[in-house]
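Below, read A as the first sequence line, B as the second, and so on, with proteins coming before strands; counting in each chain starts at 1.
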Protein chains: 2
Amino acid sequence: MKNEIAEILKRNQLSVTGSRTKILELFQETNGALAHADIEKKTDETYDRVTIYRTLQTFVEKGIIHTIPTADNSVRYALCKDECTTGHHHDNHVHFICDDCGTTYCLDNITVPEVILPKGFTQKRADVIVSGICKNCE
Amino acid sequence: MKNEIAEILKRNQLSVTGSRTKILELFQETNGALAHADIEKKTDETYDRVTIYRTLQTFVEKGIIHTIPTADNSVRYALCKDECTTGHHHDNHVHFICDDCGTTYCLDNITVPEVILPKGFTQKRADVIVSGICKNCE
DNA sequence: AATTATTTGCAACAATGTTGCATTCGAATA
DNA sequence: TATTCGAATGCAACATTGTTGCAAATAATT
């Protein structure tokens with residue numbers, strides 16, 4: 001458990017610190033996504049705001065977590081599954097944001113549909129953001 | 001031209017003011033998307049920051065423009081095409097963001113592929129954000 | 001245990017977004 | 001066209017969010 005988290009950090013050439021362990025732990029016990037503010041609350045302001053920003057930034061760079069584009073200017077982060085944690089980068093993500101409760105779901109098992117782009121456009125990454133009502137709010 | 005803009009405003013029960021006309025004009029002569037900061041610059045700070053915020057908000061409410069979800073926490077707005085301006089709301093958008101020049105394209109003519117959601121999830125809206133290299137940067 | 005490199009917290013700052021209120025302006029009416 | 005009334009604007013003050021430099025603390029290495 002705790003060891004598992006340390007493993008992930010070491011595997012990514014990151015030193016094992018309190019904040020990194022705690023934040024990664026939070027992501028693991030959350031099946032949805034977390035925003036910076038969520039993390040601040042859930043850690044009871046134990047860590048400096050700056051530390052959280054930098055930790056998130058580091059995790060994104062290492063491919064441990066990824067950002068989720070949202071229309072309302074709130075950056076959310078979610079744990080990358082399997083392939084991501086081994087270093088391979090996802091190029092596609094499907095996310096579902098509930099209009100009611102605001103929970104963000106990573107639908108990793110869903111296939112991203114092919115988008116046919118106009119001539120001259122080259123695709124590197126595709127994000128699909130679906131919003132509506134989730135299974136808990138229906 | 002100028003009349004056309006006034007028409008759009010009136011059609012949406014909005015009084016025709018300087019800032020609204022100017023901002024709508026900007027969107028019309030931009031084929032990409034605009035962020036709040038872009039509008040501030042392009043209007044030479046003629047209008048108060050607050051006015052721009054409120055104008056954008058109003059336009060979104062009326063369905064004249066729509067927001068584009070981005071992963072980097074920068075809200076961008078783009079003009080809604082045809083159907084939108086007549087009051088009907090789009091439920092799907094495909095956008096392309098160039099990794100090189102940052103330009104955001106609305107690919108209104110592209111069909112949004114169907115996403116098959118797990119049981120209990122109801123879709124209201126879907127956004128596809130494709131990133132890569134655009135036709136001008138290839 | 002000592003050294004070194006990294007990470008953290010603090011402070012200060014910059015950017016972004018929000019709210020209340022007085023003034024100004026647009027639209028409708030006479 | 002002048003008047004009236006509701007809506008939009010600008011200003012000020014504030015809240016939130018994100019960034020940077022630097023000294024102190026901490027983790028990893030020897």
Side-chain angles (χ1 to χ4, degrees), chain A residues 2-3 5-26 33-62 64-77 102 104, chain B residues 2-3 5-26 33-62 64-77 102 104:
Chain A
K2 211 101 178 185
N3 274 342
I5 287 171
E7 281 311 311
I8 296 174
L9 291 173
K10 281 177 192 159
R11 196 185 308 145
N12 287 281
Q13 289 125 39
L14 295 174
S15 43
V16 181
T17 66
S19 61
R20 286 180 180 161
T21 306
K22 180 66 189 165
I23 292 174
L24 197 43
E25 214 171 277
L26 274 182
L34 293 171
H36 180 274
D38 298 328
I39 296 167
E40 253 186 303
K41 275 176 215 147
K42 295 208 178 193
T43 53
D44 283 324
E45 281 145 23
T46 310
Y47 306 106
D48 197 84
R49 241 155 36 80
V50 180
T51 302
I52 299 175
Y53 278 118
R54 292 199 263 231
T55 303
L56 290 171
Q57 202 175 296
T58 306
F59 284 0
V60 170
E61 276 161 17
K62 293 292 184 179
I64 300 171
I65 59 175
H66 62 265
T67 58
I68 301 170
T70 57
D72 68 336
N73 198 32
S74 64
V75 195
R76 295 169 193 215
Y77 302 86
T104 305
Chain B
K2 210 101 177 188
N3 273 342
I5 289 170
E7 281 310 311
I8 296 173
L9 291 173
K10 281 177 193 161
R11 195 186 309 142
N12 286 282
Q13 289 125 38
L14 295 173
S15 44
V16 181
T17 67
S19 60
R20 286 180 181 162
T21 306
K22 180 66 189 167
I23 292 174
L24 197 43
E25 213 170 276
L26 275 181
L34 294 171
H36 180 273
D38 298 327
I39 295 167
E40 254 187 301
K41 276 176 213 147
K42 295 210 179 191
T43 53
D44 283 325
E45 280 146 22
T46 310
Y47 306 107
D48 196 85
R49 241 155 36 80
V50 180
T51 303
I52 299 175
Y53 279 117
R54 294 200 262 229
T55 303
L56 289 171
Q57 202 175 297
T58 306
F59 284 0
V60 169
E61 276 162 16
K62 292 293 183 178
I64 300 171
I65 59 175
H66 62 265
T67 59
I68 301 170
T70 57
D72 68 337
N73 199 32
S74 64
V75 195
R76 295 170 193 212
Y77 301 86
T104 305

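Rounding to the nearest 0.5 Å places CD of B/Glu45 at 8.5 Å from CD1 of B/Ile52. Remark: B/Ile23 CD1 to B/Thr55 OG1 distance equals 4.0 Å, nearest 0.5 Å. Rounded to the nearest 0.5 Å, atoms CG (B/Leu56) and CD1 (B/Ile65) are 4.5 Å apart. Atom-to-atom distance recorded for B/Ile8:CD1 and B/Leu24:CG is 5.0 Å, nearest 0.5 angstrom. Note that the CD atom of B/Glu40 and the OG1 atom of B/Thr46 stand 10.5 Å from one another [nearest 0.5 Å].
Axis deviation across the helix from C/dA1-D/dT30 to C/dA30-D/dT1 amounts to 30°, comparing end segments of five pairs, rounded to 10 degrees.
Note on B/Ser19: only backbone sugar-phosphate atoms sit closer than 4.0 angstrom, heavy atoms only; bases stay farther off.
Heavy atoms only, all atoms of each residue included: B/Leu9 and B/Thr21 are closest at CD1-OG1, 4.1 Å.
Residues A/Leu14 and A/Phe59 form a side-chain contact, since some pair of their non-hydrogen atoms from C-beta on lies under 4.5 Å apart. When side chains are defined from C-beta on, B/His36 does not count as touching B/Val75, because their heavy atoms never get closer than 4.5 Å.
Spacing between atom OH of B/Tyr77 and atom P of C/dT16 amounts to 12 Å, rounded to whole angstrom units. Computed from coordinates, the B/Ile39 CD1 to C/dT16 C1' distance equals 14 Å when rounded to whole Å. Distance, B/Arg20 CZ to C/dC25 C1': 11 Å, rounded to whole Å. Between the OH atom of B/Tyr53 and the C1' atom of D/dA15 there is a distance of 12 Å, given to the nearest Å. In this structure, NE2 of B/His36 is placed 11 Å from C1' of C/dA15, rounded to the nearest angstrom.
Residues passing the side-chain contact (heavy atoms from CB on, under 4.5 Å) test with A/Arg54 are A/Val50, sequence neighbours excluded. Every residue meeting the side-chain contact (heavy atoms from CB on, under 4.5 Å) condition with A/Thr17, not counting sequence neighbours, appears here in chain and number order: A/Ser15, A/Ser19, A/Arg20.
On a pure distance criterion of 3.5 Å, a polar donor-acceptor pair joins the side chain of B/Arg54 and the base of D/dG10.
Interface residues of residues 43-52 of chain B facing DNA chain C, ordered by number: B/Arg49, B/Val50; criterion, heavy-atom separation under 4.0 Å.
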Restricting to nitrogen or oxygen on both sides, can you table the protein-nucleotides 25-28 of chain D pairs closer than 3.5 Å?
unit_1 : atom_1 : unit_2  : atom_2 : d
D/dA28 : OP1    : A/Val16 : N      : 2.8

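When each of A/Thr70, A/Thr67, A/Thr104, A/Asp38 is tested with A/Arg76 by the rule side chain to side chain donor-acceptor pair (under 3.5 Å), just one qualifies, namely A/Thr104.
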